[in-house]
Amino acid sequence: MPETVNVYEAKTHLSRLITRVEVGKEKILARAGKPCARLVPLESPAPGKRIGLLPGLVIEPDFFEPLPDDEIKAWEGIR
């Protein structure tokens, strides 16, 4: 269950509160003891396209760039 923090305490210790939220700790803000807002970490977007079913496997944007000539020759067996 998320920890409840009153608004005054949140204003006083905002930086510390954000640090805790960044690592995945959800916080509920309360005014006069009544919950009024929720602080949750943002989801960071994957840097590339996800392929297959393996979690975390992404294709970087430079994957589709042409190979350098020397690497093409190596694949073709030309020295």
Worksheet item: Are any non-hydrogen side-chain atoms of P2 and K27 less than 4.5 angstrom apart?
Response: no
Worksheet item: Atom CD in E22, atom CG in L17: separation rounded to 0.5 Å?
Response: 10.5 Å
Practice prompt. Sequence neighbours left out, what passes salt bridge (Lys or Arg N to Asp or Glu O under 4.0 Å) with E9? Give chain and number order.
Written response: none
Worksheet item: How long is the gap from CD on E60 to CD on E65, to the nearest 0.5 Å?
Response: 12.5 Å
Practice prompt. Count the heavy atoms belonging to other residues, nucleotides or ligands that lie under 6.0 Å from CG of D69, then report whether that count exceeds 12.
Written response: no
Discussion item. To the nearest 0.5 Å, what is the distance between OG1 on T19 and CG on L14?
Written reply: 9.0 Å
Item to complete: Using the side-chain contact (heavy atoms from CB on, under 4.5 Å) rule, take I18 and R20 through it: C-alpha gap first, then chi angles, then the decisive distance, then the call.
Response: CA-CA 5 Å; I18 289 173; R20 290 182 184 154; over 6 Å; no
Fill in: Cluster overlap I28 with V21, hydrophobic side-chain contacts below 4.5 Å
no
Worksheet item: Can you tell me how far the CG atom of L29 sits from the OG1 atom of T4, to the nearest 0.5 Å?
Response: 9.0 Å
Worksheet item: Taking NZ, NE, NH1 and NH2 as the nitrogens, is one of them in E26 or R38 under 4.0 Å from a carboxylate oxygen of the other?
Response: yes
Worksheet entry | From CA spacing to verdict: side-chain contact (heavy atoms from CB on, under 4.5 Å), E71, K73 | CA-CA 5 Å; E71 194 164 339; K73 288 177 183 176; over 6 Å; no
Worksheet entry | Separation of R31 CZ from Y8 OH (nearest 0.5 Å) | 15.0 Å
